[in-house]
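In what follows, a single structure is set out as C-alpha cells and then discussed.
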Amino acid sequence: MPEQYVLGLDEVDEASIDAVGGKGAHLGALTRIDGVRVPPGFCVTTAAFQRVMAAVPAPDPAAPNARVRQMIEDAAIPDDVAAAITTAVGRFDANVTFAVRSSATAEDLPSASFAGQQDTYLNVPAAEVLRHVSRCWASLFTDRAVLYRRRNGIPDGAAHMAVVVQRMVLPEASGVMFTADPVTGDRRSVCVEAVHGLGEALVSGLVNADSYTVRGATIVARTVGVKRLAVDPAPAGGTSERAIDPAEQARPALGDAQVVRLAELGRRIEAHFGRPQDIEWCLAGDDLHVVQSRPITTLFPIPATTDGANHVYLSVGHQQMMTDAMKPLGLSFWQMTTPAPMAEAGGRLFVDVTARVAAPAGRAALLEMIGRSDPLTGDALRTVLDRDGYIATAPDGAAAPPLLPAGATPEELPTDPAVVVDLIAQHQASIAELREAIRPLSGTALLDFVQADLQELRRLLFDRRSHQVFMSAMEAAWWLNEHLETWLGEKNASDPLTQSVPHNVTSEMGLALLDVADVIRPHPDLVAYLEHAEFSLEDMAKLPGGPEARDAIEAWLDTYGMRCAGEIDITRPRWSEEPATLVPVILGNVRNFAPGAAARRFEEGRQDALAKEQELLERLRALPDGAAKAGETKQKIDRVRTFIGYREYPKYGMVSRYFIYKQALLEEAGRLVRAGVLRDRDDVYHLRFDELHEVVRTGHADASLIDRRREEFRSYATLTPPRVLTSDGEAITGAYRRDDVPAGALAGLPVSAGVVEGRARVVLDLAHADLEPGDILVTAYTDPSWTPLFVAIAGLVTEVGGQMTHGAVIAREYGLPAVVAVVGATTAIEDGRRIRVHGTEGYVELLP
C-alpha cells in the first residue's frame with residue numbers, strides 16, 4: 001500500500017497520532033464535535049518527514065542542533081511528497097493564506113504538552129507552504145524542543161514530525177481558554193484570556209490580555225487589560241504589529257455573551273476528550289473557531305468519587321515525609337497496611353477527611369491536631385472549611401471517626417523503660433518468624449501468605465500500647481513546651497531535652513555508620529577505592545583492610561539495609577540492594593570525623609540534655625510553688641526521654657517486613673520472567689497486589705497495562721502534590737499567618753531549637769550529597785534514610801515536615817537547629833549561600 005503523505009483533518013482522529021502528531025490528531029477529533037468550528041485543512045504526515053530524513057546525512061551526535069535544522073531545511077522534498085502537498089493546497093481558493101504548524105508525535109500528550117516547543121507560521125501564501133513545511137520539520141530539533149524531550153524521558157529518535165496546514169482565519173479577537181483553573185486546579189472554573197487580532201500578541205507577551213473566570217453560565221471574575229498593540233496578518237504574508245488607538249486600548253476584546261459561549265464550547269470539548277483542556281481559539285465575525293486543544297498536563301489529578309458530593313483530602317506523603325510518586329505495587333501495599341481508607345491520585349495517597357470535618361467536634365479536633373503538627377496543612381484545610389456550605393455540617397452530636405486507636409489514655413502508661421524493651425523484642429521476634437516462614441513459599445501460596453502476614457504487621461504497627469508509648473512522649477513534650485514558656489519564657493523547651501535518648505533506631509543508624517568509617521579510615525587504599533572505583537563489596541575485600549571493611553558494612557546492612565529514600569514505597573531500591581548509594585556518606589564520615597566519633601557524639605548529647613534539665617529545674621525551683629512545678633516537670637522530662645526514641649521503631653519494623661516481602665516477590669517475579677509471563681522483574685512494580693496475585697494464578701499478564709502504568713508513573717513524577725486537595729481539583733498549599741518573620745526571611749515551622757549560621761547545601765539526592773562540618777542541609781524532605789547525613793551537618797531546612805515527622809525527631813536528638821515546611825526552600829536558597837536558621841522561632845535568613 002503506497003504511503004499517504006497528506007491526510008485531511010476529516011480523515012484523522014485521536015488514534016492517528018503516529019501519522020499526524022498530537023496537534024493534528026486533536027484537530028481531527030475536534031472536527032467531529034457538534035458545534036465546534038475548525039478551520040479546514042490537512043496534515044502532512046510523518047511518512048513525509050521520514051522520507052526526507054532518510055535522505056539527510058546522519059549528523060554527528062555532538063553536532064549543534066542548529067546544524068541539524070539547517071540540513072533538514074536544505075534537504076530537497078521528494079517530488080511525490082511535494083506533489084501531494086501542492087495538490088492539497090490547490091484545493092483552496094487562490095487568495096487563501098495558511099497557518100503552517102508543527103505537529104510532533106510526542107506533542108499534546110496527557111503527560112507532556114510540548115506547548116510552544118516547535119514552530120508555527122501564520123498567514124503563509126500558497127507558494128510558500130512547502131518551504132514552511134520544511135521549517136516545521138526542522139523545528140523538531142530546536143534547542144528548547146530537544147531539552148524538553150530529554151526532561152520528559154523521550155528519546156530523539158522516538159519523536160517524528162507531521163505538519164498541519166489550515167486555511168488562515170483573519171480574526172477580530174483571539175486567545176486561550178483553560179477548562180480548569182491552571183493555577184488553583186479548580187475544575188469548576190473556565191479561564192478565558194482574549195486580545196484583539198491574532199493570539200500571537202498574547203503568547204509572546206506583547207500585551208496584557210483581558211481575563212475572565214466563568215462558572216456555569218456566570219462570569220465570576222474579570223480583568224480588562226490595557227492592550228496597546230495587536231498582531232494582524234500582513235498583506236504580503238506573515239504578521240505585523242499594529243498600535244491600538246488609545247481610546248480603544250481598554251475596550252474588551254469580547255462581549256460577555258461571547259465569553260460565556262466560549263466557556264460552553266470549552267466544556268463541550270473537555271467532555272469529548274475526557275479531561276481538562278488548554279484551547280486556542282479565534283473570533284471572526286460572530287464565529288468562534290478552535291485552532292488547537294491539548295490536555296492541561298500540570299493539573300494534579302482528583303481522587304475518583306461516585307457520590308457527586310464535595311470532598312476534602314489530606315496528603316499522606318506530607319505526613320510521611322515522602323511526597324514522590326509511588327508505583328502501583330507500593331501504593332497498594334501502603335493501602336493494605338493502614339487501617340484508614342486512602343484515596344489515590346497522581347501516584348500519591350490522600351485521606352478523605354470529609355466525614356470528620358462535617359462533625360463540629362471532629363472538625364475542631366482535626367484542625368487543632370493538624371495545625372499543631374503542620375501549620376501549612378492546617379491553614380490550607382481551614383481555607384476550605386471557611387467556605388460556607390462547601391462541606392455540609394453534620395447534625396449536632398454526630399460522631400466523627402476516631403483520631404486515635406481506642407484504649408487507655410497515654411497518661412495511664414507508667415514511665416518504665418522495660419515497656420519499650422518489650423515492644424522492640426516483640427517486633428524482632430515477629431520479623432524472625434516471618435523470615436523463616438516465607439522462605440520456602442512460591443506461587444499463589446506466597447501471595448496468600450503475604451496478604452495474611454500484613455495483618456500481623458498491622459497488629460504490631462497499630463498496637464494500642466505501642467501507640468500509647470510515643471503518644472505519651474509527644475503529649476509530654478507539648479506539655480513541656482507550653483508550661484515552660486509560660487513559667488520561664490523558654491520556647492520549645494523540650495527540643496534540647498530529647499538529645500541522645502535511648503532506643504532510637506534511626507539516630508543509632510547514623511551513628512553506626514560513623515563506626516563503619518572508623519574501620520575504613522586507617523587504610524588509604526580503601527579510601528582511594530571508594531573515591532574512584534565502581535563500588536562492590538567483593539572487590540573492596542581484596543584490598544588491605546578490605547575484609548574487615550566488608551564485614552563492617554555487611555553488619556550495618558544486616559541491621560539497616562532494608563531502608564532507603566522513599567522507603568514507604570516497597571518498590572524503591574534498598575541499601576542492601578544498592579550499597580553503593582552509601583559510599584558518599586561513608587567517605588564524608590571518613591574525612592570529617594575522628595575515630596570514636598559515634599560514642600562521643602551520643603555522650604555529648606546526653607550530657608547536654610542532662611545539663612539543660614538541671615538548669616530548667618533550678619530555675620523552676622526559684623519560682624513561687626517551685627518545688628511542685630519542678631517535680632511535675634521532672635516527671636514529664638523522664639517520660640519524654642524514656643519513650644520518644646521508640647517513635648521511630650514502628651516504621652522501622654514495617655520497613656523491615658516490607659523488605660522481606662519484596663525479596664520474596666522479586667524471586668517470584670524472576671520465575672514469571674523465566675516462564676515468559678513478564679518481560680522484566682520490575683514489571684511487578686506496575687501491578688497492584690491483587691493484580692499480581694491474579695498474574696501468578698493465571699500465568700498471564702497484560703503487557704499494555706504495565707506499559708500504560710509506566711507512562712503514568714513518569715507523568716506523575718513531574719507533579720507536585722498539594723497538602724490539601726478538594727474534589728473540585730483545587731490544590732491548596734496553605735500559608736503562614738505570621739507577623740514575626742523579618743523582611744526577606746523564609747517562614748517555616750520550628751522543630752528543633754537553636755540558631756545556626758553556615759553554608760547552605762541544597763541536596764535533592766542522597767547519593768550526591770557532599771557535605772562538610774558546619775554545612776546546613778537544605779532539601780525537599782528527609783525520611784529516615786537521610787539520617788546518616790545528619791551527623792555531618794549543623795542545621796536542617798526542608799520543604800516538607802511537621803513537629804513529629806522523622807526529620808524533626810532526629811534533628812532534636814542530634815541537637816541540630818531545624819526549620820521545616822519552608823515552601824520552595826530548595827529553589828529560594830542557592831546552593832553555597834550562607835544562611836541563618838532560627839530553629840526556635842521558625843524562619844531562615846538569607847545572608848549577604
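Position 1 is the first residue of the sequence, and the numbers go up from there. Keep in mind that what you see is a predicted model, and the values were worked out from it rather than measured.
His503 meets the ring pair (Phe, Tyr, Trp, His ring centres under 6.0 Å) test with no other residue; sequence neighbours excluded. With sequence neighbours excluded, the residues forming a ring pair (Phe, Tyr, Trp, His ring centres under 6.0 Å) with Tyr649 are His427, Tyr652, listed by chain and number.
Here Asp783 contributes atom CG and Lys651 contributes atom NZ; the two are 5.5 Å apart, rounded to the nearest 0.5 Å. Rounding to the nearest 0.5 Å gives a distance of 10.5 Å between CE of Met540 and NE2 of His523. Summarising the geometry, atom CZ belonging to Arg812 is positioned 4.5 Å from atom CE belonging to Met804; distances are rounded to the nearest 0.5 Å.
Note: His483 and Trp479 have parallel aromatic rings, judged against thresholds of 30 and 60 degrees for the angle between ring planes. Ring geometry for Trp556 versus Trp575: interplanar angle of 30 to 60°, hence tilted.
Between Arg834 and Glu757, at least one side-chain nitrogen of the basic residue sits less than 4.0 Å from a carboxylate oxygen of the acidic one, meeting the salt-bridge criterion. Between Glu613 and Lys634 there is a salt bridge, since at least one side-chain N of the basic residue sits less than 4.0 Å from a carboxylate O of the acidic one. A salt bridge links Glu615 to Arg619: at least one charged side-chain nitrogen sits closer than 4.0 Å to a carboxylate oxygen.
The stretch residues 416-433 participates, sequence neighbours left out, in these salt bridge (Lys or Arg N to Asp or Glu O under 4.0 Å) pairs: Asp422-Arg465.
Closest non-hydrogen pair, Thr805 versus Arg647, comes out as CA-NH2, 4.1 Å.
Of the possible polar contacts, one joining the Thr840 side chain to the Gly754 backbone as a donor-acceptor pair under 3.5 Å is found.
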